2 protein chains.
Amino acid sequence: MSKIKTTSTNFANKQALADECSEVYAANIIGGQWALAICSWLINGKLRFGELRKRLPNITERMLTLQLQKLEENKILKRTVYPEVPPRVEYELTPIGYELKPIIEQLENWGKKHKELVFLP
Amino acid sequence: MSKIKTTSTNFANKQALADECSEVYAANIIGGQWALAICSWLINGKLRFGELRKRLPNITERMLTLQLQKLEENKILKRTVYPEVPPRVEYELTPIGYELKPIIEQLENWGKKHKELVFLP
DNA sequence: GACATTACTTACATTTTATATAGTACCATA
DNA sequence: TATGGTACTATATAAAATGTAAGTAATGTC
């Protein structure tokens with residue numbers, strides 16, 4: 001999809017870190033700008049492309065497509081195409097995708113706590 | 001520190017998402033290339049600048065500095081300068097920083113599981 | 001035959017993030 | 001006076017991620 005340079009230092013560093021640090025590896029998978037938000041929505045059940053787009057008001061179709069593709073490649077979600085016109089495509093978390101649920105919940109709690117700490121006197 | 005354009009669409013989107021999604025907000029804080037790795041090391045106790053650098057073999061001093069500054073700004077870690085020559089600077093997680101521990105552990109477990117799923121037949 | 005609908009592609013521009021390389025300040029010690 | 005160690009800073013460049021705008025395919029309905 002998007003072209004990454006496998007000869008770059010950045011690529012090498014990312015690989016090396018991900019190899020020895022599973023938490024960094026995990027963060028690389030769900031760390032895209034929209035990836036976590038997409039997963040958060042899908043935890044409540046499958047959604048169509050257009051439904052996701054509505055729930056992420058400012059996302060462009062291109063970005064949504066890219067993020068969904070990346071998540072599909074990483075086996076976080078399953079894409080189902082129905083042979084209809086106009087097309088209908090549904091996205092659903094895989095089992096390993098659903099296992100992100102407790103992590104997302106904890107991130108949410110930590111985030112709320114951090115916000116209070118930082119923004120309130 | 002690094003200059004972000006507060007007038008960009010990207011910035012606006014990030015803000016909007018982080019505002020309504022605390023998990024995305026959290027991911028933005030610990031999602032830097034090296035940030036999570038730094039936190040992972042500091043969970044075991046305070047470290048000096050040079051010690052961190054040794055533990056992250058490929059990081060440049062500039063990157064380490066930037067990430068540490070960002071983490072300090074976000075109150076994830078505390079920086080202590082000792083008035084000596086040559087200088088000695090220690091970095092230590094704050095209480096809210098230490099609260100990342102269970103998240104990091106879960107991310108690590110999930111990452112390991114995901115690796116098995118993807119890389120083994 | 002023109003049009004609407006949905007889920008994408010493609011080409012290109014901009015913004016953000018990361019790396020490379022060189023330099024600085026401080027002062028104790030040689 | 002020169003050297004060494006530590007934790008940075010400055011500037012330039014490369015790479016990656018994100019955004020903009022336009023198009024495509026398929027087919028049922030008007």
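By convention in this document, chain letters (A, B, ...) are assigned in the order of the sequence lines, proteins followed by strands, and residues within each chain are numbered from 1. All values reported here derive from a predicted model rather than from experimental measurement.
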Looking only at side-chain N and O atoms, does A/N10 come under 4.0 Å of OP1 or OP2 in D/dA14? no
Quick check on DNA chain C: between B/V85 and A/R88, whose nearest nucleotide comes earlier from the 5' end? A/R88
Sub-4.5 Å side-chain heavy-atom contact between B/Y91 and B/L71: no
N/O (side chain, B/Q33) to phosphate O (OP1/OP2, C/dT19) under 4.0 Å: yes
Taken to the nearest whole Å, CD1/A/I4 to P/D/dA14 is 19 Å
Give the rounded distance in Å between these two atoms: CD of A/E84 and C1' of C/dA4. 16 Å
Side chain of B/T9 only, please: which of D/dA7, D/dG19, C/dT5 is the nearest? D/dG19
Would you say A/N13 reaches C/dT19's phosphate, i.e. side-chain N/O to OP1/OP2 under 4.0 Å? yes
In whole angstrom, give the distance that lies between atom NZ of A/K54 and atom C1' of C/dT6. 11 Å
Between A/I59 (CD1) and D/dT20 (P), how many Å, whole number? 12 Å
Within-4.5 Å side-chain heavy-atom neighbours: A/R79 and A/V89: yes
When you measure only distances, ignoring hydrogens and angles, does the side chain of A/R62 come within 3.5 Å of the base of C/dT10 through a donor and an acceptor? no
Which whole-number value in Å describes the distance from A/Q15 CD to C/dA18 C1'? 16 Å
What nucleic acid atoms does B/R48 come within less than 4.0 Å of, heavy atoms only: base, sugar-phosphate, or nothing? sugar-phosphate
Within 45° cone of A/F11 ring axis and under 6.0 Å: A/K5 NZ or CZ: no
Return the nearest nucleotide to the side chain of A/P86; candidates are D/dT9, C/dT6, C/dA18. C/dT6
Rounding to an integer number of Å, can you tell me how far B/K3 NZ sits from D/dA12 C1'? 10 Å
So if I take every side-chain heavy atom of B/P87 and compare against D/dT18, D/dA7, C/dA7, which nucleotide ends up nearest? D/dA7
Taking only side-chain N and O atoms of B/Y91, does any of them lie within less than 4.0 angstrom of OP1 or OP2 on D/dC8? yes
What is the separation between atom CG on B/L64 and atom C1' on C/dT17, rounded to the nearest whole Å? 16 Å
Apply salt bridge (Lys or Arg N to Asp or Glu O under 4.0 Å) to residues B/K112 and B/E108 and explain how you reach the verdict. CA-CA 6 Å; B/K112 280 181 188 161; B/E108 190 184 355; 3.6 Å; yes
Length of the CD1-P vector between A/I29 and D/dA17, whole Å: 14 Å
Both conditions, 6.0 Å and 45 degrees, for the charged tip of B/K115 above the ring of A/Y25: are they met here? yes
Let me spell it out: for each of B/N58 and B/K5, pick the nucleotide of DNA chain C with the closest heavy atom. Which residue's pick is nearer the 5' end? B/K5
Give a yes/no answer on whether the side chain of B/Q69 brings an N or O atom under 4.0 Å of OP1 or OP2 in D/dT9. yes
Any chance the side chains of B/S40 and A/E23 put a donor and an acceptor closer than 3.5 Å? yes
Among D/dG19, D/dA16, C/dA18, the one nearest A/T60 by side-chain distance: D/dG19
Side-chain N or O of B/K14 closer than 4.0 Å to phosphate OP1/OP2 of C/dT17: yes
Between A/S8 and B/V89, which has a closest nucleotide on DNA chain D that is more 5'? B/V89
